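Hydrogens, waters and symmetry mates play no part in the numbers below; they use all other heavy atoms, side chains included. The chain is numbered in sequence order, starting from 1. Not measured: the values here are computed from a predicted model.
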Amino acid sequence: MQIARHIILTVLLVLASAGHANEIAWQEVGKAKLEVLFWDVYKARLYTESGTFNGIKGPLKLDLTYYLDIKGEDLAKETAKQWRKMGFRHPDNKAWIADLYRIFPNLQKGDSLTLILSQQNQGSLLFNGERIHQFEPSIQLNQFLAIWLSEQSTRPELMAKLTGKS
């Protein structure tokens, strides 16, 4: 009986946070473009309720619009590569990356991936505006956002533009 009650409360919490995220009047904090060699890879935009960035905590919305076709498995590989460069080592990282291979869609030029972090630090991943996955609060979800939003980012100029520091 308690398990059923816990499941129902969890579902209601997820639905409530998703509903709240849809009601937020997002304010842009910053935007940046990732360029690698001669190629534009994506345009990134960060939004919060206030238009200011106060660390990796919800609610916030990170939107990436791609200029190239990219396979989902390449996005998962790049996530693992960024985490290695940033020194993120956690026993559950490997399983989380394995899930990304299944979750990330293959992208075509013009597609967007959006991650909305709720106030309860749950993450909704949207592909072209449609939710494709719900992440529970975790260290890995924060590490994922840290690729773009933390001082540990391997792309400090992009991070500074997104978070409004430049």
Side-chain angles (χ1 to χ4, degrees), residues 5-34 40-68 70 72 75-76 78-79 82-83 86 88 90 92 96-97 99-100 102-166:
R5 182 180 296 155
H6 177 73
I7 290 171
I8 290 169
L9 288 173
T10 301
V11 168
L12 290 174
L13 185 60
V14 168
L15 292 174
S17 65
H20 178 70
N22 289 335
E23 298 168 5
I24 293 174
W26 297 105
Q27 305 289 318
E28 186 175 282
V29 176
K31 59 185 173 187
K33 182 167 45 171
L34 176 65
D40 294 338
V41 179
Y42 59 73
K43 174 177 57 181
R45 291 190 170 152
L46 177 65
Y47 303 87
T48 63
E49 280 186 294
S50 65
T52 59
F53 178 70
N54 296 309
I56 300 175
K57 57 186 177 186
L60 64 79
K61 179 169 82 169
L62 177 66
D63 183 64
L64 306 174
T65 302
Y66 288 83
Y67 296 111
L68 303 170
I70 299 178
L75 294 175
E78 185 62 24
T79 301
Q82 291 298 315
W83 283 6
M86 296 169 77
F88 294 148
H90 188 279
D92 296 336
W96 215 82
I97 293 292
D99 285 345
L100 293 182
R102 178 183 49 80
I103 295 166
F104 283 143
N106 293 328
L107 302 172
Q108 296 182 331
K109 182 179 179 180
D111 284 342
S112 67
L113 285 177
T114 303
L115 183 62
I116 299 174
L117 188 65
S118 73
Q119 195 154 10
Q120 294 78 27
N121 290 318
Q122 294 171 316
S124 293
L125 182 65
L126 288 70
F127 173 56
N128 292 333
E130 297 292 325
R131 188 166 65 178
I132 59 172
H133 191 75
Q134 182 77 28
F135 296 102
E136 292 302 315
S138 68
I139 290 171
Q140 289 72 32
L141 182 55
N142 282 8
Q143 290 176 171
F144 185 68
L145 285 165
I147 292 171
W148 296 273
L149 305 177
S150 85
E151 297 290 333
Q152 295 170 279
S153 174
T154 63
R155 297 185 174 95
E157 290 179 21
L158 185 127
M159 182 277 299
K161 288 179 181 175
L162 275 176
T163 59
K165 294 180 179 174
S166 69

Looking at every non-hydrogen atom in both residues, tell me the closest pair between Leu162 and Leu62 and how far apart they are.
CD1-CD1, 4.2 Å
Leu100 side chain reached by Leu75 side chain, heavy atoms, under 4.5 Å:
no
Rounding to 0.5 Å, atoms CG (Leu158) and CG (Leu149) come to a distance of 9.0 Å
Before you tell me yes or no, could you show the steps for Leu46 and Trp148 under side chain to side chain contact (heavy atoms under 4.5 Å, CB included), namely the whole-Å CA-CA distance, both residues' side-chain angles and the distance that decides it to 0.1 Å?
CA-CA 9 Å; Leu46 177 65; Trp148 296 273; over 6 Å; no
Can you list every side chain to side chain donor-acceptor pair (under 3.5 Å) pair that touches residues 152-161, not counting sequence neighbours?
Gln82-Thr154
Testing the basics here: between Ala146 and Met86, what is the closest heavy-atom pair and its distance to 0.1 Å?
O-CE, 3.3 Å
To the nearest 0.5 angstrom, please state how far the CG atom of Asp111 sits from the OG1 atom of Thr65.
9.0 Å
Side-chain contact, heavy-atom cut-off 4.5 Å: Ser112 with Leu126?
no
Given side chains that start at C-beta, do those of Leu64 and Leu34 come closer than 4.5 Å, heavy atoms only?
no
Would you call Ile24 and Ile116 a side-chain contact if the rule is heavy atoms closer than 4.5 Å?
no
Heavy-atom closest pair (Gln122 atom, Pro137 atom, distance to 0.1 Å) is CG-CD, 3.5 Å
Do you know the tightest heavy-atom contact between Trp26 and Lys61?
CD1-NZ, 3.5 Å
Under 6.0 Å between ring centres, would you say that holds for His133 and Phe135?
yes
Stepwise, does the side chain to side chain contact (heavy atoms under 4.5 Å, CB included) test hold for Tyr67 with Lys33?
CA-CA 10 Å; Tyr67 296 111; Lys33 182 167 45 171; 3.7 Å; yes
Side-chain touch Trp83/His90, heavy atoms, less than 4.5 angstrom:
no
Identify the two heavy atoms, one from Ile56 and one from Ser150, that lie closest to each other, and give their separation to 0.1 Å.
CD1-CB, 4.4 Å
Please check: side-chain N/O of Asn121 versus main-chain N/O of Ser138, any donor-acceptor pairing under 3.5 Å?
no
Reported CD1-to-OH distance for the pair Ile70 and Tyr42, which is rounded to 0.5 angstrom:
9.0 Å
For the atom pair CG (Leu107) and CG (Leu68), what is the distance rounded to the nearest 0.5 Å?
10.0 Å
Looking at Asp63 and Tyr47, what are the two nearest heavy atoms and their distance?
CB-CE1, 4.3 Å
About how many Å separate CG of Asn142 and CG of Leu117, when rounded to the nearest 0.5 Å?
7.0 Å
Distance, nearest 0.5 Å, that separates CG of Leu60 from OG1 of Thr163
11.5 Å
Should the ring pair Phe104 and Phe144 be called parallel, tilted or perpendicular, given that the plane angle runs from 0 to 90° and is split at 30 and 60?
tilted
